[in-house]
Number of protein chains: 2
Amino acid sequence: MVTMRDVAELAGVSVATVSRVLSGARQVNGELAERVRDAQEQLGYRTNLLASGLRRQRTDTVGMVVPQVGNPYFSALMEAVGRRLQRVGKTVLLVDAEDDPAAEADGIHRLLDRSIDGLLAVPVDERASSAALTEAAAHVHLVQLDRAAAGVPADLVAVDHRAGIRAVVDHLVGLERRELAFVSAGPRDSTARERAKAFDEAVAATGCTAQPSRLGAYTVEWGRAAATALVDGGRLPAAVVCGNDLIALGVLAVLVEAGVQVPERVAVTGYDDIGFATLTRPTLTTVRQPIDELAAAAVGRLLHASSAEPAVPAVATDAPDPAVLAGVASPVDAAGAVDAAGAVDAADVPVAAQDAPTVQRFAPALIVRDSTPVGGPVAQRGDEVSL
Amino acid sequence: MVTMRDVAELAGVSVATVSRVLSGARQVNGELAERVRDAQEQLGYRTNLLASGLRRQRTDTVGMVVPQVGNPYFSALMEAVGRRLQRVGKTVLLVDAEDDPAAEADGIHRLLDRSIDGLLAVPVDERASSAALTEAAAHVHLVQLDRAAAGVPADLVAVDHRAGIRAVVDHLVGLERRELAFVSAGPRDSTARERAKAFDEAVAATGCTAQPSRLGAYTVEWGRAAATALVDGGRLPAAVVCGNDLIALGVLAVLVEAGVQVPERVAVTGYDDIGFATLTRPTLTTVRQPIDELAAAAVGRLLHASSAEPAVPAVATDAPDPAVLAGVASPVDAAGAVDAAGAVDAADVPVAAQDAPTVQRFAPALIVRDSTPVGGPVAQRGDEVSL
DNA sequence: ACCCTCTCGGAAAACGATTTCCGACAGAGA
DNA sequence: TCTCTGTCGGAAATCGTTTTCCGAGAGGGT
């Protein structure tokens with residue numbers, strides 16, 4: 001391995017000088033600097049980040065944990081975050097939690113052991129992820145993204161799911177679909193819980209009816225299973241509201257296979273607006289989460305923990321033209337999140353920094369496509385498939 | 001930060017002893033060991049991987065570079081590799097090349113700077129990726145996965161694309177589809193080049209006809225664009241053979257939108273067998289790459305560079321029931337790969353270790369679904385969607 | 001001429017682990 | 001009893017940087 005010492009010798013200076021030239025930490029004589037840079041070039045020297053990190057006590061590296069790299073919504077999030085961090089010279093260390101809190105905890109520890117100086121986490125489980133994340137928060141600056149784990153003293157950047165689901169239900173009711181079925185994931189993570197609660201509230205508020213919710217997992221398989229049960233049960237609703245796009249794709253596939261007319265007989269909606277939502281027949285009406293804004297906010301919060309002010313959340317901006325939700329993002333719901341916290345075994349999770357973690361929520365946008373009857377808004381198609 | 005020193009003091013021993021207890025490097029008195037472990041537990045000590053790596057000159061960490069984390073095929077590969085490496089106690093550092101050789105080179109450097117002790121790479125570009133990879137090979141043990149870059153002195157674990165494409169063409173010809181169109185990515189990476197060449201050969205061998213190949217990128221957008229051109233051009237082929245599933249999904253969507261009957265009027269095939277291939281109407285006939293075998297082989301090669309013998313490549317094993325290709329994997333093609341090497345500017349890429357890198361190729365499997373007429377084999381459906 | 005302030009290079013002390021080396025002690029064999 | 005071997009703990013060197021700290025020399029003001 002070629003070290004700074006080698007460069008120093010070749011350039012005929014001390015290692016201190018080499019370090020100063022390369023890091024620009026202090027002014028050094030122009031000619032010396034020149035010699036150093038030549039030597040570096042010639043030897044192909046690159047600074048050893050292990051040594052550097054050890055000495056500096058920072059690594060310009062942030063960790064990111066996601067529940068499932070295979071889920072296109074998370075891939076998109078990873079890409080957005082990665083781009084932003086790279087732009088400011090930070091490196092991202094990515095960990096796949098494999099949808100398993102144990103693997104997640106393990107991954108988090110491995111990240112911490114590497115002296116990352118920041119952690120971006122999308123918790124797998126609202127409860128089971130708390131311990132590892134709370135511990136992490138004690139060591140590095142932690143920001144929760146998309147989901148929150150209960151009782152973790154860390155900021156959260158997320159989406160206003162109540163608004164998203166409400167928009168879906170309003171849209172369906174506006175199309176005279178008043179018998180709904182909700183297929184989503186069990187209340188394992190905060191998004192699932194919030195969406196389910198929002199659905200119930202929306203049903204109550206609009207006065208339509210709903211079959212008992214079918215809660216499983218955020219997967220295509222669950223969508224298939226639930227739809228199969230619906231079809232076999234014989235009591236088809238007028239619309240199936242799905243907790244995310246993967247579920248919706250599963251539901252759609254089964255319905256179509258079973259010969260159920262979509263959207264004529266049953267309408268279907270998703271959530272996330274993954275690229276594949278435009279590739280089915282019919283294309284899928286869904287709720288687009290403002291991924292870039294989320295990534296920007298999370299990264300911002302991670303970098304300068306300084307600017308404490310929630311810096312008025314941007315409304316979903318670049319939604320091409322589809323019906324953007326009316327309501328501006330509400331920086332509210334700190335209460336709602338604390339609710340979740342309250343639910344956890346308080347003795348179990350030591351509430352470390354009681355500095356009232358801030359919650360920043362962004363408004364999603366309803367994207368109307370063919371899977372809901374084209375009575376009102378015209379269907380959009382093939383906008384921005386990023387995959 | 002709690003250091004080994006703290007543990008040593010609390011336990012009343014020297015740091016050397018602590019280190020020995022924790023790493024099990026040498027026998028230590030039972031009672032002392034007990035005290036050390038208690039102290040560790042009590043302080044919540046975890047070893048600092050920066051310091052450890054610096055001293056040991058190895059990190060038990062391997063890097064992995066993929067062209068695009070958003071492509072489901074690569075996500076699947078990442079997951080398979082990650083699971084395998086985790087099992088043997090290694091950590092994976094993941095880098096997204098964003099389909100850009102420059103970003104890829106940058107990422108590779110960042111990995112090297114972290115003293116990884118192995119690198120798994122899926123090169124973005126057969127030519128443009130060579131420099132960075134060749135340099136990487138000089139520093140760490142490198143294994144190329146799925147694709148090869150020209151002139152890089154490193155092993156390759158890949159799939160026999162000639163067999164895959166040939167199987168597709170044979171299948172179509174067997175169904176009396178003799179006018180084909182090939183839509184794929186330009187010969188930027190080795191898989192695209194190999195598939196294109198294989199297609200031409202297969203057409204020649206079977207005596208069917210083909211429109212001029214349409215080469216773009218491995219994306220849904222390109223599939224859409226190419227299909228649009230096909231439809232607008234008015235000369236529809238009997239079947240469209242696509243270079244990967246993303247392209248095929250794009251083609252499928254456009255054809256169906258345009259009212260072209262699939263598969264009755266035009267059959268469509270993909271390549272990769274990503275989970276979404278079962279979610280379209282019709283479901284997509286495709287070529288499944290044996291991801292687990294690939295991952296296992298690559299990881300194996302990375303770990304014990306020792307077992308030089310190619311260890312007879314496994315035939316695709318757990319393919320549920322679909323028509324598995326006849327031919328067993330050919331450990332051949334070292335010649336083919338060197339071909340690629342020969343193509344590059346020899347003066348540019350210093351051929352470091354001329355130990356004849358080995359090439360290991362696995363047999364893919366044809367998966368017949370609804371997008372090809374169900375004359376012969378019965379269509380499979382909804383087998384193993386992993387997303 | 002004298003002193004004071006800057007500027008800038010190098011020696012050396014960290015950072016937190018691992019690993020050699022050394023010395024102490026115990027037990028065995030003669 | 002004496003030596004010889006073997007086991008095991010601790011002191012210290014080391015990994016490759018960064019960052020004090022120190023000292024030398026230059027230049028300016030009185």
Side-chain angles (χ1 to χ4, degrees), chain A residues 1-37 39-40 43-61 91 109-117 139-140, chain B residues 1-37 39-40 43-61 91 109-117 139-140:
Chain A
M1 170 177 260
V2 37
T3 83
M4 190 170 260
R5 217 190 129 97
D6 300 324
V7 177
E9 277 171 11
L10 179 54
V13 298
S14 74
V15 291
T17 302
V18 175
S19 174
R20 292 201 261 255
V21 169
L22 299 189
S23 74
R26 227 174 67 179
Q27 183 72 282
V28 306
N29 180 290
E31 193 233 344
L32 285 199
E34 184 81 11
R35 292 219 307 267
V36 167
R37 264 187 276 272
Q40 177 199 17
L43 296 175
Y45 168 80
R46 306 208 90 224
T47 132
N48 179 329
L49 260 35
L50 259 41
S52 170
L54 176 58
R55 173 65 231 240
R56 291 193 307 146
Q57 298 290 78
R58 39 189 297 263
T59 52
D60 290 324
T61 296
T91 295
H109 280 131
R110 278 209 295 270
L111 288 175
L112 293 180
D113 291 349
R114 285 198 155 60
S115 313
I116 53 174
D117 35 42
H139 294 305
V140 297
Chain B
M1 169 176 257
V2 36
T3 82
M4 191 169 259
R5 218 190 128 97
D6 301 322
V7 177
E9 277 171 10
L10 179 54
V13 298
S14 74
V15 291
T17 302
V18 175
S19 174
R20 293 201 259 254
V21 169
L22 299 188
S23 73
R26 225 173 70 177
Q27 184 72 282
V28 305
N29 180 289
E31 194 233 345
L32 284 199
E34 184 81 10
R35 292 221 306 270
V36 167
R37 264 185 275 272
Q40 176 199 19
L43 296 177
Y45 168 80
R46 306 209 89 222
T47 133
N48 179 327
L49 261 34
L50 260 43
S52 170
L54 176 57
R55 175 64 230 241
R56 291 193 307 147
Q57 298 291 74
R58 39 189 296 262
T59 53
D60 292 324
T61 296
T91 295
H109 280 132
R110 278 210 295 271
L111 287 175
L112 294 180
D113 291 348
R114 284 198 156 61
S115 314
I116 52 174
D117 34 44
H139 294 305
V140 299

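Bear in mind the structure is a predicted one, so any value in this text is a computation, not a measurement. Every chain is numbered from 1 and lettered A, B, ... according to where its sequence line falls, protein lines coming before strand lines.
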Visitor: A/Ala16 side chain: which of C/dG9, C/dT19, C/dA12 is closest?
Guide: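 Within the option list, the nearest is C/dA12.
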Visitor: Within the 4.0 Å heavy-atom criterion, would you say B/Leu50 contacts the bases, only the backbone, or no part of the nucleic acid?
Guide: nothing
Visitor: Could you check whether B/Leu49 gets within reach of a base, just the sugar-phosphate, or nothing at all, counting any heavy atom under 4.0 Å?
Guide: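 Answer is nothing: B/Leu49 stays at 4.0 Å or more from every strand.
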Visitor: Give the rounded distance in Å between these two atoms: CG of A/Asp60 and P of D/dT17.
Guide: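 These atoms are roughly 16 Å apart.
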Visitor: What is the minimum heavy-atom distance between A/Val7 and A/Gln40, and which atoms define it?
Guide: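 Heavy atoms only, the tightest pair is CG1-N, 4.0 Å.
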Visitor: Could you work out which one of D/dT17, C/dG16, C/dT18 sits closest to the side chain of B/Val15?
Guide: C/dT18
Visitor: Give the minimum heavy-atom separation between B/Tyr45 and B/Val2, together with the two atoms involved.
Guide: CD1-O, 3.4 Å
Visitor: List the atom of B/Ser115, the atom of B/Thr59, and the distance in Å for their closest heavy-atom pair.
Guide: O-OG1, 2.8 Å
Visitor: For DNA chain D, which residues in residues 52-59 of chain B have a heavy atom at a distance below 4.0 Å?
Guide: B/Leu54, B/Arg55, B/Gln57
Visitor: Give a yes/no on whether any side-chain N or O of A/Thr3 is located under 4.0 angstrom from OP1 or OP2 of D/dG16.
Guide: no
Visitor: What nucleic acid atoms does A/Ser19 come within less than 4.0 Å of, heavy atoms only: base, sugar-phosphate, or nothing?
Guide: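 Answer is base: heavy atoms of A/Ser19 come under 4.0 Å of a base.
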Visitor: For D/dG10 and B/Thr17 - does any side-chain N or O of the residue sit under 4.0 Å from the phosphate oxygens OP1/OP2?
Guide: yes
Visitor: If every non-hydrogen atom of A/Ala8 is compared with every non-hydrogen atom of A/Ser14, which pair is closest and at what distance?
Guide: CB-C, 3.8 Å
Visitor: Please collect all salt bridge (charged side-chain N to carboxylate O under 4.0 Å, His left out) contacts where either partner lies in residues 10-33 of chain B, sequence neighbours excluded, each pair once.
Guide: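 Non-adjacent pairs meeting salt bridge (charged side-chain N to carboxylate O under 4.0 Å, His left out): B/Glu31-B/Arg35.
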Visitor: Of all the choices, D/dT18, C/dC8, D/dC8, which nucleotide is nearest to the side chain of A/Arg26 once you look at every atom?
Guide: C/dC8
Visitor: Return the minimal non-hydrogen interatomic distance between B/Leu50 and A/Arg114, and the atom names on each side.
Guide: CD1-O, 3.5 Å
Visitor: On DNA chain D, nearest-nucleotide positions of A/Arg20 versus A/Ala51: which is more 5'?
Guide: A/Ala51
